[in-house]
Every structure is written in C-alpha cells, then in structure tokens.
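Keep in mind that what you see is a predicted model, and the values were worked out from it rather than measured.
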Amino acid sequence: TNFVCKTVMERLASGQPCLFYPAIGLNQSLLTEISDDFEWSFGGVPETHSLLIRRIGNVLRQSEKRLTIFIDGWNETNIQLARTIDAECRRLSSERIQIVISLTHTAATRLLRGAGGNPSFLADEAGIPSRGPELIELAPETAAKSDGWSCVHIRKYSQEERERAYEIYSSAYQVIIPTTHTKSSDPYVIGIAMKHCR
C-alpha cells in the first residue's frame with residue numbers, strides 16, 4: 001500500500017492522471033465507482049459503462065494523457081468482486097489506460113485464475129504464464145526474477161531497512177518494542193503488528 005500510494009503521489013506530482021481505489025472500499029463494481037467519481041467531477045453520469053469508458057477515452061485523447069488506475073489490496077475483496085474487477089479491467093484496458101493492481105502473494109492462485117482455472121485477464125496482461133500464480137504464491141522472490149512478467153515484488157527489508165522501519169513505526173504508533181522481541185524483516189508483518197500493538 002505504501003509503495004502504491006508513493007507511486008500515485010509521484011505520478012500526480014508529474015501531471016499524470018491517476019485514480020486510486022482501495023479494493024476493500026469497493027462496495028460496488030469498479031466501473032460503478034468510476035462512474036460515481038466521474039459524476040462528482042464532471043456532473044451528469046453516463047447512462048452505461050460503455051459510454052463512460054468512451055468518454056474517458058475521449059478526454060484522454062484530447063488531453064494527450066494516459067490514465068493509470070490503481071487498485072490496492074485486490075486480495076481484500078471477496079472472490080466474486082475480485083472476478084468482477086478482473087472482467088471490468090478487460091473492458092477498461094486500452095492504449096490510454098494502464099491498470100496497476102496490488103495483492104499479497106498468498107492470494108495469487110485464487111485471484112490470478114478465472115473460474116475455470118485458466119489465467120485471469122490481469123494475469124494474461126501481466127504476462128504471467130499458466131503456472132505463474134503458484135510460483136508467486138509459493139516462491140515470490142523467484143517469481144520476481146522471471147523475465148517478461150509485469151510484476152513488482154516488495155522484498156523483505158535489509159537489516160538497516162528493518163531497523164529504520166521499527167524506529168519509524170514505533171514512533172508513529174507509540175509502541176514500545178520489548179528487548180526480547182525477535183524482529184521481522186517482512187514489511188507487511190511489521191506494519192500489521194505495529195497497528196495491532198497500538
């Protein structure tokens with residue numbers, strides 16, 4: 001989440017249009033959420049999702065911009081909504097729209113396969129082969145080294161990064177770390193643990 005938010009902020013600062021959706025906050029489909037945001041920003045909502053996609057495409061062509069849609073924590077949705085997001089990303093996909101999805105590696109097989117067990121649209125678009133989801137789930141460090149995959153793996157902290165993370169988190173969350181604590185190098189585990197200890 002931190003990596004995704006930092007990327008969004010950098011892109012916005014450089015004038016690149018972005019939309020950011022935490023998957024856990026999607027109460028409706030992705031296209032419905034985008035439609036609601038479109039209405040808030042421009043007034044009047046298109047009658048259909050296909051019209052909305054055409055209008056967004058027209059705005060991007062006229063402005064000569066490329067839109068990046070970030071969906072953070074895809075693993076935090078139920079499987080039905082996750083598959084809906086995958087299907088809607090197929091509809092949104094174009095040369096002017098880039099989609100970036102984050103998920104935990106433990107959810108790779110569940111999310112990167114469709115109902116029939118075939119690779120999902122997002123897996124295909126990311127160049128992840130048929131056995132790729134299992135590799136991501138079981139050996140994410142190895143999967144990160146695979147050529148041709150459009151994936152970024154957030155690696156474990158080095159010892160220096162780990163110490164700095166503990167400093168920052170313990171200060172931000174006002175958590176006192178016992179001397180008997182065995183420190184983790186996993187960014188996700190550290191973040192969750194500090195939030196719970198708070």
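Neither Ile69 nor Val59 shares a network with the other; the hydrophobic side chains, linked directly or stepwise wherever heavy atoms of I, L, V, M, F, W or Y lie under 4.5 Å apart, form separate groups for each. Linking Ile, Leu, Val, Met, Phe, Trp and Tyr residues whenever their side-chain heavy atoms come within less than 4.5 Å places Leu30 and Ile79 in a single cluster.
Among pairs with a residue in residues 87-96, those fulfilling side-chain hydrogen bond (donor to acceptor under 3.5 Å, both in side chains) read Ser29-Glu88, at least two apart in sequence or across chains. For residues 121-135, every residue pair satisfying the side-chain hydrogen bond (donor to acceptor under 3.5 Å, both in side chains) rule, not counting sequence neighbours, is listed here: Arg113-Glu134.
No more than 12 heavy atoms of other residues, nucleotides or ligands sit less than 6.0 Å from atom CD of Glu160. Applying the 6.0 Å contact sphere to CZ of Arg110 captures more than 12 heavy atoms from other residues, nucleotides or ligands.
If you run side-chain contact (heavy atoms from CB on, under 4.5 Å) between Ile85 and each of Leu31, Thr77, Leu111, only Thr77 comes through. Checked options Ile168, Val189, Val175; the residue passing with Met194 is Val175 (criterion: side-chain contact (heavy atoms from CB on, under 4.5 Å)).
The minimum heavy-atom distance between Leu122 and Cys89, with the atom names listed, is CD2-CB, 3.8 Å. In this structure, Lys65 and Gly15 approach most closely via the heavy-atom pair NZ-O, 3.0 Å.
By the salt bridge (charged side-chain N to carboxylate O under 4.0 Å, His left out) test, Arg164 is found to be paired with Glu167, residues two or more places apart in sequence or in another chain being considered. Shown here are the side-chain contact (heavy atoms from CB on, under 4.5 Å) partners of His181, two or more places apart in sequence or in another chain: Tyr166, Ile177, Pro178, Lys183. Partners of Tyr169 under the ring pair (Phe, Tyr, Trp, His ring centres under 6.0 Å) rule, at least two apart in sequence or in another chain, are Tyr173.
Side-chain contacts under 4.5 Å among hydrophobic residues (ILVMFWY), followed directly or transitively, place Met9 with no other residue at all.
Side-chain contact annotation: Gln28 with Asp36, donor-acceptor N/O pair under 3.5 Å present. The closest side-chain donor-acceptor pair between Asn58 and Arg61 falls under 3.5 angstrom.
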